[in-house]
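This report refers to the structure that appears directly beneath it.
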Protein chains: 4
Amino acid sequence: MVNMSTDSLLTDMTSTPVMERIFSATEQVQCMLRFEAALSSALEDCGLTPAGSSAPLQALLSVDFLTPERRDYLTASARDSGNLAIPFIKLLTDEVRRSSELAARYVHMGATSQDVLDTALVLQLKEAVENIQRGIEQLKSACVSFTIEYAATIMPGRTWLQQGPPVTLGLKAAGWAAALSRHQTRIAQMSSRALLLQFGGAVGTLASLGTDGLRVSAALARHLDLSEALLPWHAHRDNIAEAATALGLLTGTLGKIARDISLLMQTEVAEVFEPSGEGRGGSSTMPHKRNPVAAASILAAAIRAPGLVATMLTAMPQEHERGLGGWQAEWETLPAIFRLTAGALALCNETVTGLEVHPEAMRANIAATHGLTLAEAVGSALTPDVGKQRAHQLVEEASREALQKCVPLQDILAANSSITQYLSAEKIAVLLDPRNYLGSTTKFIERSLGQATERED
Amino acid sequence: MVNMSTDSLLTDMTSTPVMERIFSATEQVQCMLRFEAALSSALEDCGLTPAGSSAPLQALLSVDFLTPERRDYLTASARDSGNLAIPFIKLLTDEVRRSSELAARYVHMGATSQDVLDTALVLQLKEAVENIQRGIEQLKSACVSFTIEYAATIMPGRTWLQQGPPVTLGLKAAGWAAALSRHQTRIAQMSSRALLLQFGGAVGTLASLGTDGLRVSAALARHLDLSEALLPWHAHRDNIAEAATALGLLTGTLGKIARDISLLMQTEVAEVFEPSGEGRGGSSTMPHKRNPVAAASILAAAIRAPGLVATMLTAMPQEHERGLGGWQAEWETLPAIFRLTAGALALCNETVTGLEVHPEAMRANIAATHGLTLAEAVGSALTPDVGKQRAHQLVEEASREALQKCVPLQDILAANSSITQYLSAEKIAVLLDPRNYLGSTTKFIERSLGQATERED
Amino acid sequence: MVNMSTDSLLTDMTSTPVMERIFSATEQVQCMLRFEAALSSALEDCGLTPAGSSAPLQALLSVDFLTPERRDYLTASARDSGNLAIPFIKLLTDEVRRSSELAARYVHMGATSQDVLDTALVLQLKEAVENIQRGIEQLKSACVSFTIEYAATIMPGRTWLQQGPPVTLGLKAAGWAAALSRHQTRIAQMSSRALLLQFGGAVGTLASLGTDGLRVSAALARHLDLSEALLPWHAHRDNIAEAATALGLLTGTLGKIARDISLLMQTEVAEVFEPSGEGRGGSSTMPHKRNPVAAASILAAAIRAPGLVATMLTAMPQEHERGLGGWQAEWETLPAIFRLTAGALALCNETVTGLEVHPEAMRANIAATHGLTLAEAVGSALTPDVGKQRAHQLVEEASREALQKCVPLQDILAANSSITQYLSAEKIAVLLDPRNYLGSTTKFIERSLGQATERED
Amino acid sequence: MVNMSTDSLLTDMTSTPVMERIFSATEQVQCMLRFEAALSSALEDCGLTPAGSSAPLQALLSVDFLTPERRDYLTASARDSGNLAIPFIKLLTDEVRRSSELAARYVHMGATSQDVLDTALVLQLKEAVENIQRGIEQLKSACVSFTIEYAATIMPGRTWLQQGPPVTLGLKAAGWAAALSRHQTRIAQMSSRALLLQFGGAVGTLASLGTDGLRVSAALARHLDLSEALLPWHAHRDNIAEAATALGLLTGTLGKIARDISLLMQTEVAEVFEPSGEGRGGSSTMPHKRNPVAAASILAAAIRAPGLVATMLTAMPQEHERGLGGWQAEWETLPAIFRLTAGALALCNETVTGLEVHPEAMRANIAATHGLTLAEAVGSALTPDVGKQRAHQLVEEASREALQKCVPLQDILAANSSITQYLSAEKIAVLLDPRNYLGSTTKFIERSLGQATERED
């Protein structure tokens, strides 16, 4: 019977097919098999086992090892033995024995359960990290294109959910791209620490290999194309936990992008929309709605990741040479973080790539506040003459009057001699034109694009 | 193609078959179907739909609705539409239409996606909570039996991981039972709040049912055997989040029990062991070990649950009438909490039921400290004569001497005239007998058992 | 030197003066003193200590015990001894000795450090819980008044941040009130479990009191006006952790209220505003803004509480009779949760009490969508004739046309014979009037108010 | 009145004096003042303000700005205005005005509240990070010395809390040192991202500075000796959150060290002890105990940090140009993480530096298992002849017999012809000598020390 226990109808929403494959039972077992095959080769290379004793394991790499029967056996036995490796080694040894009694004698020699389980995880992580990095690169490229396209598209800046002076849509996207660029660096630095062979034997001394431990370790690392650690890291989980924190940080940025988009999609704002399409974002009861469905899933990921990251950190103080409870707590948690992040990343890629932009709504929203969001420009212009606080006060009073009377700020200002003694009506009009109050927007965009492009080389 | 994406070989370790079934895709869809069938009956009861229009939905309840094709369709469409309900209603309406065009017109009438999804969740939770309560009752009973059996089995009390005065194993188990009893009450109180119908229509006004909303709601609740809420709770998730916190608290207690057992199983302590058995707790490299495998999984659950509970709390501030991101973050999180808790509860039940007790090791461990853990008894006996601080000081000095010289404390004390002027050697011997220093142990056990038994009635 | 180490300029924003007092060093020490004084009385009551030996401790209750010197001593010594109780007992014994050498002999007799620390915490919690319950009652009352006042004030319902059919502001507030009512019940139930005496001596057996333990315990509980536990709960923290979860749940609801308000305050929405006032919500650079400052602090509390609650749950699996690390992790965490919650509750009270409502903005926002948010009403009216899916489709097409042409939905519908064959233009106009599409709003409000009032009795 | 609200008697235990100073109100205000003074200089440098207008602010740097009156004003006003910067700028402008009306006009020109608050935080973090790095370096050095001293001190290796084959105490400490080395790299990489100037004005465009924004920004960064960001990071918190994750990871490692030590200090193990000393680790009721008091505080920090890190990640999706709630959630959280980590680091330094080692207890604990923990050596020796599974089985049976009969494994093995046909009694004795079963221990230590030393250069 196929184990359909944790089946879910939401995996397309909260993960990706690639990530599901990487962290599937099949792939996990395959990576465990790769470890054992590589170990058998390393032992043979080092002359510790007879010539040819690795062949049967190598042969198994091209077979679908995880039959339904074995799946059931592993699931049931894992519970009793406390981990997957013990029943796996038993199945593997039995299978090897069918082709060679001799080879069967050396299966798993020198290794402990955690060696195969951790290294299999690292092999899975290696592919998962590459997949995430590709996803970030795509999203960053989309943000860069978007930045260029909308570099001069003026929209309200917003702070504390209130309109402030204008920004451009390109500046907003440049901020997204810059953050993604940092995540690429962060994940690369993490990878150089985390993607390491685990090989220490029972208590991290490789004692059962006598004086040959490091030679076997080097050969094993070579076969698996992994770097070696300085010493086994069975109970030191900082690198593995860092993989979690790096993805948690990325998910936070994806959540920020999604939050921005969902707020801009609000009925009353309507400046930017997720791409539409057949069956996308419809509501069963409100046919006219354009629900931010991708944003909802991305935000959900950003809400879920922190708790999972906390679990990985909580699990770190593992006992002695190999711990109890902490290690086990990682098993389903780290894959969950990768799944969630990959799912959010894929949705974010689709979203940013197909974003609908409504510049006219942006202009209308700026205009709706009667020029109040440009008040700062007038304040700044007044500062040299009257000082910051007095300027602030004058503009604040004028703004209140404009609000109360529902009249353009420009009219109020032009009628106030305390202001016109320093600023002419024409000057006021220029000051209140959003195009004239973008400050260093273009320079920030250029600086940011320069760096993003550089990085791509 | 069957979706095997989130398949895992660990579900037997981190969940139970029953809980996997309750939160399976099949059961979720069945509960959604139950909602829609009950709604069609309620509408018909209230005369809002033609007689007989609910029959086709009722008929579907005994059919296996979630075919592989529909599973694939739901998974793919959920991603685009942002939730499962929209494609489900489409499939359902199509299916109903095959038997009755008329009935198809009224499918899902008055309801919104969240009504069916939340109510289906509540139906799943109802069964899940009953299962958890049964599991607690069993574990409590096992703890009560254990308490009675070992009420007088003396073992070292331990604080800060250091031996202190003696306790009995029964007292320890009585503490477990008392905590479990509180969890039963807590979960029952939570259930009365959380297991409620969700029915509000698009924005919680049941507007599309005109003035008939509450009548339909009452009928619907009756059909599903659920209580009604005062008003729809689409964006108020305190009850749902409380289900998470109640289970999180329970998992903490299970973790405490597992931690105690794992520490008592240490090679150097060896007082209590998890039940052994074929393939249980063996180590692939250390054949003689008795690994606390159940304890490891339970502790892992106790490490994982808090982060998941935090997610449920973080998700609570949901926007307006129905939120964005927060609700979605709950979907996989709350089932994960139930799975983990049920898995830990089942393992804890097996463990406590089959616990091996080594009273001789307990006695030996007490004896190994030369009587130092009974020092307090001597201090207490001296207090009336010399005061607490002086008594403390005298005993501390004697204890240090006993430690340094590796001599029984009794000998040191009996040789110290500052002490013997108040306590005879015989009195000292009596004071240092662990059986005489159990204080209110028996009374605490009796009081606790009285309450536990009462509750069972 | 006064320890000003963790001083912060943000305590008014993230806490309240009352809660700061309750969890101040002074109050903690006073509560520890109350425990020791009550213990001395209980011992004397039970005839275990000479008559009059409790008098010196009772006398200290009216003295400011925590002098700056003692504060410094406690802070420094707590680090070395691992808790506050050891140096506190030393200071206390020294002080008692000044008035009575005899009384000094019995200070803390029978108790362990954790007895005094946990019970002092419970005494602090008792006052803190009462304060929180009063705050909830006030906020609920404000919500109830608000519900009554705005029961018929129509505003857009919003789901997924998109406008849907109308609700009333009163319905929204009724949802807040109902949640607060549940929190009152929840906290009351938690209190009956958590506010218990801790008294067990070194390992929870009260061994140093011989056979008198339970008599002393009963007397001690009576003196402190606390209930007794069935047995000491040194390493069973479910009740204490439940205090954290109960407040975490409350903070989630406060966050939901704050999120609603902050979204309604958006420049483009402008339907509801936090109370204004001197220096309130101003921006240093944008003089016209009305920042949701209270909402920001409340949301910050709702973001912070879950992590703190997770800490309390993580700390639960405490070792043996008294744990190591877990207990210590609670010390600053639980007070932090109470501070944050009280601060958010106070701000929420001020906010809801002074909320500015702009019904004209609500009407304008509904109107801005050309009637699309009432489309569901038309769909429902069509359903009996054409079925749900066809009705949905007809309305969806009309809505898209209205959106594209920027024309009222009413006009599009009235021009479509597929629709007018079932609904007259007059009927369509009635259907699209928001006042006619409130469904069970009034009944939900009444039901909810009935329950809220009942509870107040 | 001095605000003593959040005063605590535990700061010496959960923080350090240096970290308390860095994150004190006084230091925060001083860093805000440094920002404003540097800004005034930058503006003057760039010719945007009259010569001499920065002098009054520079003069304030050497004054104790935060008087008790101002402290009270700031605390009260922060609540109303939503942040500290607004009332601070007001106080500052008033103060500057006393010496120069002209200078007062330009205070804070071009900046927004978040610019000064974030940059002040970065200035505090800079010092805090240096302090943490120094602490790690000291601890790593202590671990390196310890590794060298105890490189050959044999003790039981332990996995799943069960004794396994032997390790050396030096190997354990080498693992600690290697992890600390990685944390140094990690924190350095984080610092290069996080310790950046924040300067963007109201919405991150520096609009009020016209075209001079970047020139002022460069000058400001120079004055503060900070690097510039590519563009303002008001709502992109990945770098700040990474500071939290980096410390969270470190705290996990400290927790691992503390857990090891606390387990080794158990009464029944007694292999390693925290340094003792006056009043250190004593128990009020159990005079003979040696409580792991430093370990308890370090473990408490490791339990608390993950929840705080999760808060920082949860806070990341901040709205638009400057967010609401998320930013505010960081304010007390990030300092709390630094305090906790520094406190744990200091305690860990004291602990490792003064660790008491009992090699005789280590030998006795190994001996207590009758040689069973060396069983693997025999299994490995048998493997070439009989295969891994058969060897495992033979040794497992012998081990069970030794356990049951309480006889040395050596005797059982030597009496079993299935074994002696491959291994002589002499060979068995050699195999069961722990000194001969350390495998690559020495090489791992050397490799690890080589890297640690390299890094120190």
Side-chain angles (χ1 to χ4, degrees), chain B residues 93 104-105 107 157-161 164-165 167 175 178-179 182 189 193 202-203 205-208 213-214 230-231 236 238 241-242 245 248-249 252-253 255-256 259-260 302 306-307 310 313-314 316-322 324 376 380 387-389 437-441 443-444 447-448 451, chain C residues 93 104-105 107 157-161 164-165 167 175 178-179 182 189 193 202-203 205-208 213-214 230-231 236 238 241-242 245 248-249 252-253 255-256 259-260 302 306-307 310 313-314 316-322 324 376 380 387-389 437-441 443-444 447-448 451:
Chain B
T93 307
R105 292 188 185 172
V107 171
R158 291 178 176 94
T159 68
W160 295 64
L161 292 182
V167 297
R182 293 190 293 270
Q189 291 172 340
R193 280 185 284 272
V203 293
T205 61
L206 290 174
S208 69
L214 291 204
L230 290 174
L231 74 178
H236 280 283
D238 52 305
E242 190 190 2
T245 63
L249 290 164
T253 291
K256 189 267 182 290
R259 176 147 289 165
D260 281 0
L313 295 173
T314 300
M316 281 185 69
Q318 296 185 11
E319 295 84 359
H320 298 308
E321 278 57 67
R322 293 199 282 120
L324 180 83
E376 192 192 55
S380 297
K388 207 173 167 319
Q389 283 203 330
Y437 203 61
L438 290 168
S440 303
T441 296
K443 288 179 188 163
F444 279 136
R447 191 153 82 174
S448 163
Q451 211 266 2
Chain C
T93 307
R105 292 188 184 173
V107 170
R158 291 177 176 94
T159 67
W160 294 66
L161 291 181
V167 296
R182 293 189 293 270
Q189 291 172 340
R193 278 185 285 272
V203 292
T205 60
L206 290 174
S208 69
L214 291 205
L230 289 175
L231 73 178
H236 281 283
D238 53 304
E242 189 189 3
T245 63
L249 290 164
T253 291
K256 190 267 182 289
R259 178 147 286 166
D260 281 359
L313 294 174
T314 301
M316 283 185 68
Q318 296 185 9
E319 293 84 359
H320 297 308
E321 278 57 67
R322 293 199 281 119
L324 179 82
E376 191 192 55
S380 297
K388 207 170 169 315
Q389 284 205 328
Y437 202 62
L438 291 169
S440 302
T441 296
K443 288 179 188 162
F444 279 136
R447 193 153 80 173
S448 161
Q451 210 266 2

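The chains referred to below are lettered A, B, ... by the order of the sequence lines, with proteins before strands, and numbering in each begins at 1. Please read these numbers as outputs of a predicted model, since none were measured by experiment.
Annotation for Leu249(B) and Glu242(C): closest pair CD2-N, 3.7 Å, computed over non-hydrogen atoms. The two residues Glu321(B) and Gly157(C) have their closest heavy-atom pair at OE1-CA, 3.3 Å. Nearest heavy-atom pair, Ala310(C) versus Ala310(B), reported as atom, atom and distance to 0.1 Å: CB-CB, 4.0 Å. Among all heavy-atom pairs drawn from Ala202(B) and Thr159(C), the shortest one is O-CG2, 3.4 Å. For Leu324(C) against Trp160(B), the heavy-atom pair with the smallest separation is CD1-CE3, 3.5 Å.
Using a 4.5 Å cut-off between heavy atoms, Ser440(B) touches chain C through backbone and side chain atoms alike. Of the atoms belonging to Thr314(C), heavy atoms from both backbone and side chain fall under 4.5 Å from chain B. Interface remark: Leu438(B) contributes backbone atoms only to the contact with chain C (heavy atom separation under 4.5 Å). Contact annotation for Ala178(C): only side-chain heavy atoms (C-beta onward) come within less than 4.5 Å of a heavy atom of chain B.
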Item to complete: Quick one: do His320(B) and Leu161(C) satisfy side chain to side chain contact (heavy atoms under 4.5 Å, CB included)? Show the steps, please.
Response: CA-CA 8 Å; His320(B) 298 308; Leu161(C) 291 181; 4.2 Å; yes

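Chain B forms the most heavy-atom pairs under 4.5 Å with one residue out of Arg193(C), Gln318(C), Lys443(C), and that residue is Arg193(C). The residue among Pro317(C), Gly387(C), Gly439(C) with the most heavy atom pairs within less than 4.5 Å of chain B is Pro317(C). The greatest number of non-hydrogen atom pairs below 4.5 Å with chain C, out of Ala179(B), Ala241(B), Gly175(B), is found for Gly175(B). Here Asp238(B) is the residue among Thr245(B), Asp238(B), Thr441(B), Asp260(B) with the most heavy-atom pairs under 4.5 Å with chain C.
Taking 4.5 Å as the limit, some side-chain heavy atom of Arg182(C) sits within range of a side-chain heavy atom of His236(B). Here the side chains of Thr253(C) and Met316(B) are in contact, with some heavy-atom distance below 4.5 Å. Side-chain atoms of Phe444(B) and Leu214(C), non-hydrogen and from C-beta on, do get closer than 4.5 Å to each other.
Take Arg259(C) and apply the salt bridge (charged side-chain N to carboxylate O under 4.0 Å, His left out) test, not counting sequence neighbours, and it matches Glu319(B).
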